[in-house]
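Just so it is clear: chains get the letters A, B, ... in the order the sequence lines come, proteins before strands, and each one is counted from 1.
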Number of protein chains: 2
Amino acid sequence: MEKDKFVWPEGIKKTKLRKKVIEILQNAKFPMSAMEILSAVKEDESPVWISTIYRILEIFAEKDVIIKTSVIENGTAVYELNKHEHTHYAVCIGCHKIIPMENCPIHAFEPKMLENDFHVLGHKLEMYGYCKNCYPN
Amino acid sequence: MEKDKFVWPEGIKKTKLRKKVIEILQNAKFPMSAMEILSAVKEDESPVWISTIYRILEIFAEKDVIIKTSVIENGTAVYELNKHEHTHYAVCIGCHKIIPMENCPIHAFEPKMLENDFHVLGHKLEMYGYCKNCYPN
DNA sequence: ATTACTGCAAAGCATTTGCAGACTG
DNA sequence: CAGTCTGCAAATGCTTTGCAGTAAT
């Protein structure tokens with residue numbers, strides 16, 4: 001299993017900051033919030049602003065190379081590289097870690113709802129609970 | 001099938017505003033945001049503030065008679081009476097209407113994830129797409 | 001009469017936007 | 001050097017909090 005090579009999208013400039021953001025996301029085990037990315041970036045560099053991080057994430061998301069996921073639990077969006085997989089997440093109530101799941105039960109699921117003729121485009125599934133570090137006792 | 005009688009929780013005062021909020025939620029077809037509830041309340045009454053609505057919703061949610069659901073799509077929370085049912089939602093991309101679904105595919109679903117020993121307490125499932133009014137063409 | 005509740009103002013947090021100077025191709 | 005990026009400041013949208021006067025038991 002070879003690691004995907006990241007393809008820099010056309011028409012957007014390669015700046016030090018953008019390269020760093022991508023690098024951070026490449027090394028990230030879990031989806032990260034803008035704030036977390038900012039902290040990771042700031043380690044060495046001169047001043048970086050959260051608004052710039054948001055702009056970078058937004059432009060990469062538009063180019064479809066990263067995925068923005070808004071997690072229900074705390075209203076904060078998290079970002080990860082788009083590996084073109086269908087993924088859902090488990091969210092730890094204790095430490096707020098977001099853990100991707102590898103399977104999805106929604107294939108061939110026929111939702112029944114009050115409103116007929118709802119045209120389903122996609123779905124989000126989120127499990128919540130405790131990760132092994134946070135599980136009480 | 002008889003309509004659930006709403007049981008006023010102990011230890012909280014019956015004010016005109018609170019009764020009105022509950023009444024609005026009893027008549028609501030779909031979960032409502034604080035803003036929508038405010039609009040519904042304001043029809044006749046003297047000034048009502050959104051912070052008060054939030055406080056009312058919060059206290060009822062604590063008492064477990066209403067349910068707060070934060071929807072992924074736009075980060076806005078919606079509220080509905082707690083009918084003690086397990087429910088998921090479909091969200092319209094066009095008008096942001098939130099439509100409860102009557103079935104759930106997650107029973108007996110065994111999530112596989114990178115982190116073993118994740119202790120699942122519950123889940124959220126959200127379908128998105130277009131309701132019949134918003135479906136393009 | 002207590003204590004809880006509400007109007008109102010202001011703060012908080014994640015995110016977005018505007019602008020002028022700095023950097024990339 | 002032209003157009004794109006970024007630092008920075010300020011605005012936005014949803015939600016929360018503080019306080020003092022008002023209403024419910």
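- Protein atom NZ of A/Lys42 is 13 Å distant from nucleotide atom C1' of D/dC8, rounded to whole Å.
- Remark: P of C/dG25 and CD of A/Glu10 are 14 Å apart, rounded to the nearest angstrom.
- In this structure, the CD1 atom of A/Ile53 is 8 Å from the P atom of D/dG7, given to the nearest Å.
- If you take NZ of B/Lys20 and P of C/dT6, they are 14 Å apart, rounded to a whole angstrom.
- Distances shown here put every side-chain N or O of B/Thr15 at or beyond 4.0 Å from the OP1 or OP2 atom of C/dC5.
- Two residues, B/Ile12 and B/Ser51, neighbour DNA chain C, and the one matched to the more 5' nucleotide by heavy-atom proximity is B/Ile12.
- The nucleotide whose nearest atom lies closest to any side-chain atom of B/Met35 is, among D/dC14, C/dT15, C/dG25, D/dC14.
- Of all nucleotides listed (D/dC14, D/dT6, C/dA14), D/dC14 comes nearest to the side chain of B/Thr76.
- Of the inter-residue distances, the one linking B/Leu81 atom CG with B/Ile66 atom CD1 reads 7.5 Å to the nearest 0.5 angstrom.
- With distances taken from any side-chain atom of B/Arg55 to the nucleotides C/dA14, C/dA9, C/dT6, the minimum falls on C/dT6.
- We find the OG1-CD1 distance between A/Thr15 and A/Ile56 to be 5.5 Å, quoted to the nearest 0.5 Å.
- The interatomic distance linking B/Leu57 (CG) with C/dT6 (P) rounds to 11 Å, in whole Å.
- At C/dC5, one or more side-chain N or O atoms of B/Arg18 fall inside 4.0 Å of OP1 or OP2 (strictly under the cut-off).
- For the atom pair CG of B/Leu57 and CD1 of B/Ile50, the computed distance is 8.0 Å after rounding to the nearest 0.5 Å.
- Comparing C/dG7, C/dT16, D/dT4 by their closest approach to the side chain of B/Thr52 singles out C/dG7.
- Take the nearest nucleotide of DNA chain D for B/Ser33 and for B/Lys14: the residue whose nucleotide is more 5' is B/Ser33.
- Rounded to whole angstrom, the span from the CG atom of A/Leu17 across to the P atom of C/dT24 amounts to 11 Å.
- Within the 4.0 Å cut-off from OP1 or OP2 of C/dT6, not a single side-chain nitrogen or oxygen of B/Trp49 is found.
- Listed candidates were D/dT6, C/dC5, C/dT15. Nearest to the side chain of B/Ile59 is C/dC5.
- If you check D/dC14, D/dT17, C/dA4 against the side chain of B/Lys13, the one that comes closest is C/dA4.
- Here D/dC8 presents its P atom at 18 Å from OH of A/Tyr54, a figure rounded to the nearest Å.
- Centroid-to-centroid, the aromatic rings of A/Phe60 and A/Trp8 come within less than 6.0 Å.
- Taking NZ of A/Lys42 as the start and CD1 of A/Ile53 as the end, the distance is 9.5 Å to the nearest 0.5 Å.
- Per the geometry, CD1 belonging to B/Ile50 stands 17 Å off C1' belonging to C/dC5, to the nearest Å.
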